[in-house]
Protein chains: 2
Amino acid sequence: MSTTIRLYELTGADEHVQFSPYCWRSRYALAHKGLSVETQPWRFSDKEAIAFSGQGKVPVLVDGEQTVNDSWAIAEYLERTYPDCPSLFGEDTARALTRFINNWTDGVVHPPLARLLLPDIHNILASGDRDYFQSTREAMLGASFETLRTEREQWLKAFRTALAPLRRTLEVQPYLAGETPAYADYILAGTFQWARVCSAQNLLESEDPVAAWRERMLDAHGGFARKASLAY
Amino acid sequence: MSTTIRLYELTGADEHVQFSPYCWRSRYALAHKGLSVETQPWRFSDKEAIAFSGQGKVPVLVDGEQTVNDSWAIAEYLERTYPDCPSLFGEDTARALTRFINNWTDGVVHPPLARLLLPDIHNILASGDRDYFQSTREAMLGASFETLRTEREQWLKAFRTALAPLRRTLEVQPYLAGETPAYADYILAGTFQWARVCSAQNLLESEDPVAAWRERMLDAHGGFARKASLAY
């Protein structure tokens, strides 16, 4: 019996506004595999709704009897469980290198971008999520949203600088994974979708090769990511 | 007729002291392929000696009628020309991702490390190379070697921070390329060999997973890199 895959995804006040970069990684992974998915809107205050996963963060994927959390674990689960669908990684060497891309994105690209986006995200959250979000994120970043709003120029510059190795790579190949996109691209596509859904800020210069790649990622798999609801 | 592959490699005053990170990438690539190589010592002032390659930098690889310069181009040449030897990259996806590692290493890891090493390298060069090296490198870095020597703590910290995504990846897998080393590892092994050959500075904390990986890279392919002549 075929079951429907469900994905718990972070949303704003508007449940159609899905903005988590990690959830978008899983959405891209499912699209690449050609698997349909039913979104289960989730907000920060709904800890009970995902308590069955044994932890408190999304994405959480439910596939029949299986529950998987953490975007990397979800990608590996889909690869293992659906080997006849197009591979997300390619062979083991490519998977190992994709893990580096995952760590680089989370550790180097996200910190400056979070400082640009989090004050905007605060505005689009359900009222019950706002205080929690502001206090935990301000503590995490060591700065108030008010201060971060005044530092946008600095963080935009840091974000663009952080992208340098990606930029240089995309000068000579259309995707990070080469001629066609793979999970390495989806990791970063999730990052840019996070930015796109929650903020009208212009992050890239128009002639940046990363901007052209971003358009290709919005067109990928029938353009499902381009159709996402925006918060603004 | 089988010809011997020759590799023009940068050396210090002592021609056995080979310290270029890019030449070490090629040495590792040749070792991985199981190809023997004859080193052709080269110094900055020997521009004439490699003029036949149409440019002025090493590594330059000469394989029969073929001349190839630039470490990435050499790796691709070896992969293309010796397909029956173990693959340096794996499939196309892995090669595309390895290019990112190459760009990340050159653009993110090398800048702080160069600021730590270049003053030391100056001391080991042949006298005819020293003025050229100091003036071009000080202009490139926008700082005198004297100033850089006073800033070591700052650049060491920046170097260790730059390695964060590598460190996190090596916490869960023995090599950047997974269970066995590949060209992605050799890129960074070249970087650490650069440091090891020319400087006695301690770059990593002993419990750093990168330090354990560095030892594995020194053991790889019969430990040829561990046997390198050191300048100190």
Side-chain angles (χ1 to χ4, degrees), chain A residues 32 70 72-73 75-76 79 86-112 158-188 191 209-210 213 216, chain B residues 32 70 72-73 75-76 79 86-112 158-188 191 209-210 213 216:
Chain A
H32 181 94
D70 178 86
W72 181 264
E76 291 205 312
E79 188 76 345
S87 172
L88 282 168
F89 299 109
E91 62 178 4
D92 288 350
T93 305
R95 183 189 305 217
L97 295 172
T98 302
R99 194 190 286 275
F100 177 89
I101 301 290
N102 207 65
N103 290 332
W104 174 75
T105 304
D106 293 356
V108 179
V109 178
H110 281 197
F159 172 67
R160 289 178 176 175
T161 300
L163 294 176
L166 175 66
R167 183 174 298 119
R168 213 167 150 202
T169 305
L170 294 173
E171 280 167 3
V172 295
Q173 59 196 44
Y175 297 99
L176 193 43
E179 292 302 314
T180 55
Y183 194 68
D185 293 276
Y186 304 148
I187 292 164
L188 283 147
T191 300
V210 181
W213 164 87
R216 289 193 285 277
Chain B
H32 180 96
D70 178 85
W72 181 264
E76 291 204 313
E79 188 76 346
S87 172
L88 282 168
F89 299 109
E91 61 174 8
D92 288 350
T93 305
R95 182 189 305 218
L97 295 172
T98 302
R99 194 190 286 275
F100 176 89
I101 301 290
N102 208 64
N103 290 332
W104 174 75
T105 305
D106 293 355
V108 179
V109 179
H110 281 198
F159 172 67
R160 290 177 176 176
T161 299
L163 294 176
L166 175 66
R167 183 173 298 120
R168 216 170 146 200
T169 304
L170 294 173
E171 281 167 2
V172 295
Q173 59 195 44
Y175 298 99
L176 193 44
E179 292 302 314
T180 56
Y183 194 69
D185 294 276
Y186 304 147
I187 292 165
L188 283 147
T191 299
V210 181
W213 164 88
R216 289 191 287 277

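First the proteins, then the strands, lettered A, B, ... as listed; each starts at 1.
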*Polar side-chain atom of A/Arg99 near backbone of A/Trp72 as donor-acceptor pair, under 3.5 Å*: no

*asked:* Among B/Ile101, B/Asp92, B/Thr161, which residue has the highest count of heavy-atom pairs closer than 4.5 Å to chain A?
replied: B/Ile101

*asked:* Only heavy atoms, only distances under 4.5 angstrom. Which residues in residues 180-187 of chain A are near chain B?
replied: A/Ala184

_Restricting to non-hydrogen atoms, name the atom on B/Gly90 and the atom on A/Glu91 that form the minimum distance, rounded to 0.1 Å._
CA-OE2, 3.2 Å

_Under 4.5 Å from a heavy atom of chain B, the part of A/Leu170 involved_ = neither

*asked:* If you count heavy-atom pairs within less than 4.5 Å of chain A, which of B/Ala94, B/Ala162, B/Gly178, B/Gly107 leads?
replied: B/Ala94

_Check: B/Gln173 side chain, B/Leu176 main-chain N or O, donor-acceptor pair, under 3.5 Å_ = yes

*Could you tell me which portion of A/Ala164 (side chain, backbone, both or neither) has an atom closer than 4.5 angstrom to a non-hydrogen atom of chain B?*
neither

*asked:* So, taking the atom named CZ in A/Phe100 and the one named CZ in B/Phe100, what distance separates them when rounded to the nearest 0.5 Å?
replied: 6.0 Å

_Could you check whether atom CD of B/Glu171 has more than 12 heavy atoms from other residues, nucleotides or ligands sitting under 6.0 Å from it?_
yes

*Measure distances from A/Thr98 to the heavy atoms of chain B and classify the residue's part below 4.5 Å as side chain, backbone, both or neither.*
both

*What distance separates B/Trp213 CH2 from B/Thr169 OG1, expressed to the nearest 0.5 Å?*
11.5 Å

*Please indicate whether A/Arg168 has more than 12 foreign heavy atoms, meaning atoms of other residues, nucleotides or ligands, lying under 6.0 Å from its CZ.*
no

*CA sep, side-chain torsions, deciding dist, call: B/Thr93, A/Tyr175, side chain to side chain contact (heavy atoms under 4.5 Å, CB included)*: CA-CA 10 Å; B/Thr93 305; A/Tyr175 297 99; over 6 Å; no

